[in-house]
Amino acid sequence: MRSVIIPLLVFLAFILPARADENRPRRLSDDEIDGQLGRMQQMLPVQIQNGIRWIDIRRTGKEIKYTYIVNIDTASLDDGERTDMIARLQDFGCRQLLPAMCQGLEVMFASGLTASTVYHDSFGNFLFDCTFTPAICTPPETPIP
């Protein structure tokens with residue numbers, strides 16, 4: 001689950017057409033955002049990684065919600081196995097992918113949007129979600145000694 005290439009490709013629809021210059025993404029209009037989301041929805045579902053499928057993308061107000069299905073039946077796991085599996089997936093989806101997600105979401109942030117990713121098991125049972133905002137994606141300033 002270490003590959004970040006596929007998640008980066010997922011956001012190309014936002015990154016490439018919206019670059020105003022190399023340093024700052026331009027702000028997209030609501031119509032541009034909705035058009036890009038519509039084009040992305042037409043591609044779905046898509047296997048983005050072994051065992052993880054991207055099945056939906058929706059905008060509600062100022063939030064873009066990405067929905068994924070993890071190919072696992074959590075009902076077949078005992079409580080400890082389920083907790084461990086979710087913790088590993090959450091570490092990957094929320095922490096390890098944070099730099100790639102933040103980079104891919106720059107245009108959305110510049111357009112006043114935030115993003116969340118929601119993961120479900122094969123039967124639609126909620127596993128976990130991650131939230132990505134400019135505050136989460138901005139590293140704290142390191143004081144100069």
Side-chain angles (χ1 to χ4, degrees), residues 1-75 77 81-144:
M1 278 204 246
R2 300 246 183 245
S3 172
V4 296
I5 294 170
I6 297 299
L8 281 174
L9 294 175
V10 167
F11 300 107
L12 284 179
F14 282 100
I15 295 170
L16 293 179
R19 283 281 184 198
D21 62 44
E22 287 302 310
N23 299 320
R24 289 187 356 221
R26 76 174 173 88
R27 184 178 180 90
L28 299 175
S29 70
D30 285 346
D31 288 341
E32 288 174 307
I33 293 166
D34 291 340
Q36 289 184 18
L37 290 176
R39 286 187 292 280
M40 293 169 84
Q41 285 173 334
Q42 291 175 357
M43 296 180 345
L44 301 177
V46 64
Q47 190 79 23
I48 63 161
Q49 194 163 17
N50 189 22
I52 301 176
R53 249 181 352 189
W54 178 25
I55 64 162
D56 196 21
I57 185 168
R58 300 264 177 217
R59 178 166 82 143
T60 304
K62 293 293 183 181
E63 180 185 48
I64 304 293
K65 182 170 135 182
Y66 297 79
T67 304
Y68 300 93
I69 297 290
V70 180
N71 189 23
I72 191 162
D73 175 11
T74 57
L77 304 174
E81 291 171 326
R82 184 178 194 280
T83 300
D84 289 345
M85 186 265 317
I86 290 173
R88 284 191 311 275
L89 286 169
Q90 193 168 23
D91 178 67
F92 170 74
C94 299
R95 189 188 64 78
Q96 292 181 39
L97 287 182
L98 182 66
M101 293 292 290
C102 291
Q103 181 180 0
L105 295 169
E106 286 178 351
V107 172
M108 291 172 52
F109 295 155
S111 300
L113 301 170
T114 62
S116 66
T117 55
V118 181
Y119 294 80
H120 299 273
D121 73 5
S122 298
F123 295 95
N125 298 310
F126 174 81
L127 297 175
F128 66 94
D129 59 4
C130 310
T131 300
F132 302 94
T133 65
I136 290 169
C137 289
T138 304
E141 289 188 31
T142 305
I144 299 173

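We use all heavy atoms of the structure for the numbers below, so side chains are in, but hydrogens, waters and symmetry mates are not.
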Legend entry - Check: I57 main-chain N/O paired with Q41 side-chain donor or acceptor under 3.5 Å: yes
Inset, instruction - Kindly determine whether Q90 and L127 satisfy side-chain contact (heavy atoms from CB on, under 4.5 Å), including the steps that lead there. - result: CA-CA 9 Å; Q90 193 168 23; L127 297 175; over 6 Å; no
Legend entry - Shortest non-hydrogen separation from C102 to F109 and the atoms involved: O-CE1, 4.3 Å
Inset, instruction - Look up atom CD1 in I86 and atom CG in D91, then write down how far apart they are to the nearest 0.5 Å. - result: 13.5 Å
Legend entry - Nearest heavy atoms of R27 and E32, plus distance in Å: O-OE1, 4.3 Å
Inset, instruction - First locate atom OH of Y66, then atom CD1 of I48, and finally report the distance between them rounded to the nearest 0.5 Å. - result: 11.0 Å
Legend entry - Distance, nearest 0.5 Å, that separates CZ of R59 from CE of M108: 9.5 Å
Legend entry - Test item: T60 side-chain N/O and E63 main-chain N/O as donor-acceptor pair under 3.5 Å: no
Inset, instruction - Determine, step by step, whether T67 and R58 satisfy the side-chain contact (heavy atoms from CB on, under 4.5 Å) criterion, reporting the C-alpha distance in whole Å, the side-chain angles of both residues, the deciding distance to 0.1 Å, and the verdict. - result: CA-CA 9 Å; T67 304; R58 300 264 177 217; over 6 Å; no
Inset, instruction - Decide yes or no for L98 and I136: does some side-chain heavy atom of the first lie under 4.5 Å from some side-chain heavy atom of the second? - result: yes
Inset, instruction - Report the C-alpha separation of L77 and I72 in whole Å, then their side-chain angles, then the decisive distance to 0.1 Å, and conclude whether the side-chain contact (heavy atoms from CB on, under 4.5 Å) test is met. - result: CA-CA 9 Å; L77 304 174; I72 191 162; 4.1 Å; yes
Inset, instruction - Determine, stepwise, if the pair D129 / K65 fulfils salt bridge (Lys or Arg N to Asp or Glu O under 4.0 Å). - result: CA-CA 10 Å; D129 59 4; K65 182 170 135 182; over 6 Å; no
Inset, instruction - Determine yes or no for a side-chain-to-main-chain donor-acceptor pair under 3.5 angstrom, with S111 supplying the side chain and L28 the backbone. - result: yes
Inset, instruction - For T74 and R82, work out which heavy atoms get closest and say how close. - result: CB-NE, 3.6 Å
Legend entry - Pairs meeting criterion ring pair (Phe, Tyr, Trp, His ring centres under 6.0 Å) with involvement of residues 120-139, two or more places apart: Y119-F128
Inset, instruction - Measure the spacing between CZ of R88 and OG1 of T83 and express it to the nearest 0.5 Å. - result: 10.5 Å
Legend entry - Spatial distance of atom CG (N125) from atom CG (D73) [nearest 0.5 Å]: 8.0 Å
Legend entry - CG-CD1 distance between L37 and I64, expressed to the nearest 0.5 angstrom: 4.5 Å
Legend entry - Minimum heavy-atom distance T133-T114, with the two atoms named: CG2-CG2, 3.8 Å
